[in-house]
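We count residues from 1, following the sequence as given. Basis for what follows: all heavy atoms, side chains included, without hydrogens, waters or symmetry-related copies.
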Amino acid sequence: MNIRLIALDLDGTLLDSEKLLPERNKKAIQDCIARGIHIVPCTGRIAIGIPESIRQIPGIRYAITVNGGMVEDLQEKKILDEKLLSARTAVEIYELVSGYHVMCDAYIRGAGFSERRCFENMADYGIPEVVQQLVRQTRTPVDNLKDYIRDRNCMVDKLNLFMDDRRERTEIRRKLEERGDVLVSSSFPYNLEVNGLGATKGEGILRLAAILGIKPEETMAFGDGENDFSMMTSVGVGIAMENGEEKLKNMADYIAPNNDEAGVAQMIEKLVLSRP
């Protein structure tokens, strides 16, 4: 097994339940980098949402962000490839969900924005406190998000929808998928994530691998959720976390111990670092 690139989902995978990087995972990353293996955060977050504990590890240069919507060179602060939503599409989706009890926020050119009335009442949308803390750190509140996007006529990296009503979530998802011009996925039971066509983590990995001259069979990926499905079918070796969704585990080549047991490190040690 000649692995040259390892893509790592963050929440529920590389990070533990407190959103912290276990020391054993950090050491495994450092050992891989020392062998010349590219370690690539692969996340629904924007780049500034990647914890400093990860971004500051020497040798982590590339990231796949907003579910594959962006392939980024963190060192050069450059976008290598992108698959985004048009302003018009983003506004139409905002209007589609406006009749529901939904918090809608947007990533625009690597920055996060939330509507102020929702930002100040996140618990009303079923968002756990640990995620609320992340949102507060990575979003700028604006008075009217739809007008903000429309007036700037800017491309949108990704839309995040948060809601506490599972029935509404199912109904909104159906309406979005019926459009045929967006991709819908989820990281948590209380959210939906809306990307432009072509923006999947799996495709992001393959696009970065091509840029780096790495074959698909030389890639490995770890994930736990629905927005990681594409990774399992795109990379050479797909690994699902024990705490992950059952469908993902059925798609994976291997199952890693859960994220609170540094499962990423355990599998990397077994499959990659144990080999000469």
Side-chain angles (χ1 to χ4, degrees), residues 1-45 49-57 59-60 63-65 67-68 128-131 133-134 185-191 200-202 204-205 216-276:
M1 186 182 298
N2 180 32
I3 298 299
R4 298 177 58 200
L5 184 156
I6 301 177
L8 299 170
D9 171 57
L10 301 184
D11 300 294
T13 302
L14 183 63
L15 303 177
D16 64 21
S17 297
E18 299 302 316
K19 308 292 185 185
L20 301 175
L21 176 65
E23 191 61 34
R24 187 171 178 181
N25 282 353
K26 180 178 180 180
K27 185 178 186 307
I29 286 172
Q30 292 171 323
D31 289 346
C32 286
I33 291 171
R35 291 191 177 199
I37 298 170
H38 292 280
I39 298 295
V40 182
C42 191
T43 177
R45 303 186 188 196
I50 300 172
E52 285 192 18
S53 58
I54 298 171
R55 283 189 284 120
Q56 292 183 350
I57 296 175
I60 291 187
I64 295 162
T65 59
N67 290 337
E129 178 57 35
V130 66
V131 178
Q133 292 174 13
L134 175 63
S185 61
S186 177
S187 301
F188 308 105
Y190 50 85
N191 90 323
T200 69
K201 290 186 177 183
I205 293 168
E217 58 266 31
E218 296 174 322
T219 62
M220 174 183 284
F222 288 77
D224 75 304
E226 180 194 331
N227 63 346
D228 301 319
F229 288 173
S230 63
M231 297 199 298
M232 298 298 112
T233 58
S234 299
V235 300
V237 181
I239 302 174
M241 305 304 292
E242 188 276 332
N243 53 283
E245 293 197 17
E246 286 303 314
K247 183 176 178 180
L248 186 79
K249 289 190 278 189
N250 291 335
M251 298 167 70
D253 298 302
Y254 298 93
I255 308 298
N258 73 58
N259 63 315
D260 287 321
E261 297 175 348
V264 167
Q266 292 193 52
M267 291 304 290
I268 287 177
E269 290 163 3
K270 178 180 179 180
L271 299 177
V272 179
L273 297 176
S274 65
R275 300 169 185 267

Undergrad: Looking at every heavy atom in both Leu134 and Gly49, which two are closest together, and how far apart are they?
TA: CD1-O, 4.3 Å

Undergrad: Enter the distance from Cys32:SG to Lys27:NZ here, rounded to the nearest 0.5 Å.
TA: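 Here the interatomic distance stands at 10.0 Å.
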
Undergrad: Does any pair with a residue in residues 266-276 pass side chain to side chain donor-acceptor pair (under 3.5 Å), and if so which ones, sequence neighbours excluded?
TA: Arg24-Glu269

Undergrad: Taking all heavy atoms of Gly263 and all of Ala256, pick out the closest pair and write down the distance.
TA: O-CB, 3.7 Å

Undergrad: Just do the side-chain contact (heavy atoms from CB on, under 4.5 Å) check on Ile37 and Met220 with the steps written out, would you?
TA: CA-CA 11 Å; Ile37 298 170; Met220 174 183 284; over 6 Å; no

Undergrad: Here's a test for you: under side-chain contact (heavy atoms from CB on, under 4.5 Å), which of Leu8, Ile54, Val264 qualifies with Leu15?
TA: Ile54

Undergrad: Run through Ile6, Ile3, Ile205 and flag the one making a side-chain contact (heavy atoms from CB on, under 4.5 Å) with Val235.
TA: Ile205

Undergrad: Using a 3.5 Å distance criterion without hydrogens, assess whether the side chain of Arg55 forms a donor-acceptor pair with backbone atoms of Ile50.
TA: yes

Undergrad: Nearest 0.5 Å please: distance from the CD atom of Glu245 over to the CG atom of Asn250.
TA: 11.0 Å

Undergrad: Looking at Asp31 and Arg35, does any basic side-chain N land under 4.0 Å from a carboxylate oxygen?
TA: no

Undergrad: Mind listing the closest non-hydrogen atom pair of Ser17 and Asp260 along with its distance?
TA: OG-OD2, 2.6 Å

Undergrad: Report the residue from Thr43, Asp228, Asn227, Thr200 that forms a side-chain hydrogen bond (donor to acceptor under 3.5 Å, both in side chains) with Asn67.
TA: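 Testing each of Thr43, Asp228, Asn227, Thr200 against Asn67, the sole residue satisfying side-chain hydrogen bond (donor to acceptor under 3.5 Å, both in side chains) is Asn227.
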
Undergrad: For Lys19 and Asp11, indicate whether the former's side chain and the latter's backbone hold a donor-acceptor pair under 3.5 Å.
TA: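 Not at all, since once roles are kept as given, no pair shorter than 3.5 Å links the two residues.
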
Undergrad: Does Met267 reach the side chain of Pro257, with side-chain heavy atoms less than 4.5 Å apart?
TA: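 Contact flag for Met267/Pro257 side chains = yes.
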
Undergrad: For Asn259, does its backbone N or O pair with a side-chain atom of Asn243 as donor and acceptor, under 3.5 Å?
TA: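 Flag set: sc Asn243 to bb Asn259 pair under 3.5 Å.
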
Undergrad: Find the distance between CZ (Phe229) and CE (Met251) and round it off to the nearest 0.5 Å.
TA: 6.0 Å

Undergrad: For Glu18, is the CD atom crowded, meaning more than 12 foreign heavy atoms sit under 6.0 Å from it?
TA: no

Undergrad: For Ala252 and Met232, work out which heavy atoms get closest and say how close.
TA: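 Nearest pair, atom of Ala252 first, then Met232: CB-SD, 3.8 Å.
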
Undergrad: Search all heavy atoms of Lys249 against all heavy atoms of Gly244 and return the closest pair with its distance.
TA: CE-O, 3.4 Å

Undergrad: Short question: side chain of Asn191, backbone of Ser186 - any donor-acceptor pair under 3.5 Å?
TA: no

Undergrad: Which heavy atom of Met231 sits nearest a heavy atom of Phe222, and at what distance?
TA: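 Here Met231 and Phe222 meet closest at CE-O, 3.2 Å.
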
Undergrad: With sequence neighbours excluded, tell me which residues meet side-chain hydrogen bond (donor to acceptor under 3.5 Å, both in side chains) with Thr13.
TA: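 Scan of Thr13 (side-chain hydrogen bond (donor to acceptor under 3.5 Å, both in side chains), adjacent residues dropped) gives Asp9, Asp224.
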
Undergrad: Could you tell me whether the side chain of Ser53 reaches within less than 4.5 Å of the side chain of Leu20, counting heavy atoms only?
TA: no

Undergrad: Enter the distance from Thr65:OG1 to Arg45:CZ here, rounded to the nearest 0.5 Å.
TA: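 Those atoms lie 12.0 Å apart.
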
Undergrad: Please confirm whether the backbone N or O of Cys42 pairs with a side-chain atom of Lys201, one donor and one acceptor, at under 3.5 Å?
TA: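 Flag set: sc Lys201 to bb Cys42 pair under 3.5 Å.
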
